[in-house]
Amino acid sequence: LDRPNVVVIVLDTLRGDFAAQLRQLEKKGFVRLDAVAPSSWTLPSHVSMFTGQLPSSHGVREYPDIAWRDLMHLSKQRLAQGSLLDWLGGRGYTTYGFTANMFVTPQFGFKFDHFYVFEGTAETREKAPGRPGARFLRPFVSALFREDRLGRIARWLAIGVGGTALRLLGVRDLEKGSKLILESVRGTEFKGPFFAFVNLMEAHQPYLGSGIDTLTVRLSLLGLSPPASWWREMYPEHAGLAMSRGMEVVSLFERYEPLIIVTSDHGQLLGKDGRYGHGFSLDESLLEVPLLVRYPGGGAGPDVKGRFTSLTDVRELVQKTVGGEECALGDDFAIAESWEEANYRLPSEAPDGDMHRTFSGRVRSGMVRVFGKGGSALFNRETGEVQSFSDGMSKEEVASLSERIPPVTSVGFQPPAEEPSTKDDEAVLKRLKDLGYE
Ligand SMILES: [Zn+2]
């Protein structure tokens, strides 16, 4: 029995409407689908791909004032109850993880047989061969994320003097680990059948780099006005690099003739209504993500029977393909969920203290955005209230979509029994803190 190899590539934070470059994959026989991420941020979205469940079912999602350490344990417990990795392991697959995202690590329960992690900007540079001078940059880079005067000065320097210095040192500003991931994939002897998971972080913030009006940015960083143009200008370049690197990863795996899935876990807000980043908002730009699929051996498929494919279908697609079954994807219904304040702003834009408040603050009873043929609608799950819906939708469609919203079945957050933290756990938690996740 020939079991196909499987490769899943996540281009983290890549918006669907910025993913045109990926259409090149259609020439290689990929089928392109409209995908909906079940959540606006990395961890719930990935747990959904690996469990095939929505956050309301697997329960690994935002909670009021939850500590990252507790969420880490919860995610570990949930994935230990059965994930795609276990299912594949039970069928003789060897699993490989290559990731630059600290959420998709064994510390959060993603237990690959072979695991390669790259920790984003500063550390990545430090480990990269032939890049002198990178070590001293580490405290500087962490200062970039701080909200005090030092942080502002650091950002100011990073864009002006720092940007030039980095280029002179031969450090690529846009690099967030994908080069090292490519090297690792190239250097790995994959034993079949295998499952390889790759997460590339190039489209994720921070957006430091060349090609911007430094004077404008410096002025805006010193004052209170947001560097909105910076995000909008820089994002396409970063997303472009993520996509070209993603396509290089595709090429490296081609000789194994695998099932290949190329997607993203969520999008990015680039200043719409004064909002940036992803946080816990249910804006369409955070939920509409690219999805391209090619069957093993380059065969055509899968069949498309509806407009939207949820990332929760990734598990079924993999399992059916491994089992030699046909898989039809798409439905005229998809859902994304959130449990917290929808808007959050960047520290550089928000008044002092506001960032923390919006991050950990007001809890909603649970919001859902439901996608249907005519557009999408935002519901309050508990009250049933419709908050908004697309212009193209009829009241009847909104009502019929609301009837399809599944009940919340996860038990919710309960503090897990105290587990001894490992040194690796601490390292990941520190990394989260460095990146401003409080
Ligand atoms: Zn992500």
Side-chain angles (χ1 to χ4, degrees), residues 8-19 22 35-51 54-55 58 60-62 68 71-72 75 79 97-110 117-121 124 145 174-178 181 197-207 231 234-235 238-243 245-246 249 261-270 275-291 310-312 314 336-340 342 344 346 359 428-429 431-437:
V8 176
I9 301 166
V10 172
L11 305 176
D12 210 283
T13 325
L14 179 62
R15 287 168 60 135
D17 55 350
F18 280 78
L22 290 179
V36 170
S39 165
S40 66
W41 63 289
T42 302
L43 183 61
S45 221
H46 278 78
V47 174
S48 285
M49 281 187 255
F50 281 78
T51 60
L54 288 166
H58 63 61
V60 183
R61 39 92 164 175
E62 56 280 358
W68 286 111
L71 197 57
M72 181 185 260
S75 183
L79 288 167
F98 302 86
T99 168
N101 190 318
M102 72 249 153
F103 284 117
V104 199
T105 51
Q107 284 69 46
F108 278 93
F110 297 90
V117 65
F118 306 100
E119 295 169 352
T121 52
T124 302
F145 299 95
L174 306 179
E175 187 64 41
K176 289 168 194 153
S178 65
I181 285 175
F197 175 85
V198 179
N199 176 304
L200 305 183
M201 283 287 273
E202 268 64 19
H204 197 284
Q205 73 264 24
Y207 304 125
W231 277 57
M234 293 306 297
Y235 179 78
H238 287 254
L241 182 65
M243 287 185 274
R245 293 279 164 81
V249 177
I261 298 168
V262 180
T263 187
S264 174
D265 56 341
H266 53 78
Q268 186 75 306
L269 281 162
L270 301 172
R275 294 173 300 161
Y276 301 88
H278 28 286
F280 309 123
S281 160
L282 290 179
D283 194 90
E284 288 101 322
S285 62
L286 292 174
L287 308 173
E288 293 171 3
V289 291
L291 176 66
S310 170
L311 293 187
T312 54
V314 165
E337 307 176 318
S338 170
W339 278 264
E340 279 213 28
Y344 96 79
L346 280 182
F359 232 129
V428 170
L429 290 167
R431 176 84 189 137
L432 279 165
K433 205 167 171 232
D434 285 348
L435 290 175
Y437 293 86

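First listed ligand is number 1; within each ligand, the first listed atom is number 1.
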Engineer: Looking only at N, O or S atoms, which one in Asp12 sits nearest to the Zn ion (ligand 1)?
Structural biologist: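 So the atom name we want here is OD1.
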Engineer: Would you check if the Zn ion (ligand 1) lies under 2.8 Å from any N, O or S atom of His278?
Structural biologist: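 So His278 does not bind the Zn ion (ligand 1) by this criterion.
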Engineer: Would you please name every residue forming a ring-ring contact (aromatic ring centres under 6.0 Å, His included) with Phe50, sequence neighbours left out?
Structural biologist: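 Only Phe110, Phe197 meet the ring-ring contact (aromatic ring centres under 6.0 Å, His included) criterion with Phe50.
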Engineer: Test your reading of the model: is there a side-chain donor-acceptor pair from Glu202 to the backbone of Lys176, 3.5 Å cut-off?
Structural biologist: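 The answer is yes, because a donor-acceptor pair under 3.5 Å joins these two groups.
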Engineer: Classify the angle between the aromatic ring planes of Trp68 and Phe103 as parallel (below 30°), tilted (30 to 60°) or perpendicular (above 60°).
Structural biologist: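 The rings of Trp68 and Phe103 sit tilted, inter-plane angle from 30° to 60°.
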Engineer: When the ring centroid of Phe280 is compared with that of Trp339, is the distance short of 6.0 Å?
Structural biologist: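 Here the rings of Trp339 and Phe280 have centres that are no less than 6.0 Å from each other.
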Engineer: With a cut-off of 2.8 Å, does Thr42 put an N/O/S atom close enough to the Zn ion (ligand 1)?
Structural biologist: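 Checking the Zn ion (ligand 1) against Thr42, an N, O or S atom does fall under 2.8 Å.
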Engineer: With respect to the Zn ion (ligand 1), what is the nearest N, O or S atom of Asp265?
Structural biologist: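 Per the distance ranking, Asp265 contributes OD2 as its closest N/O/S atom to the Zn ion (ligand 1).
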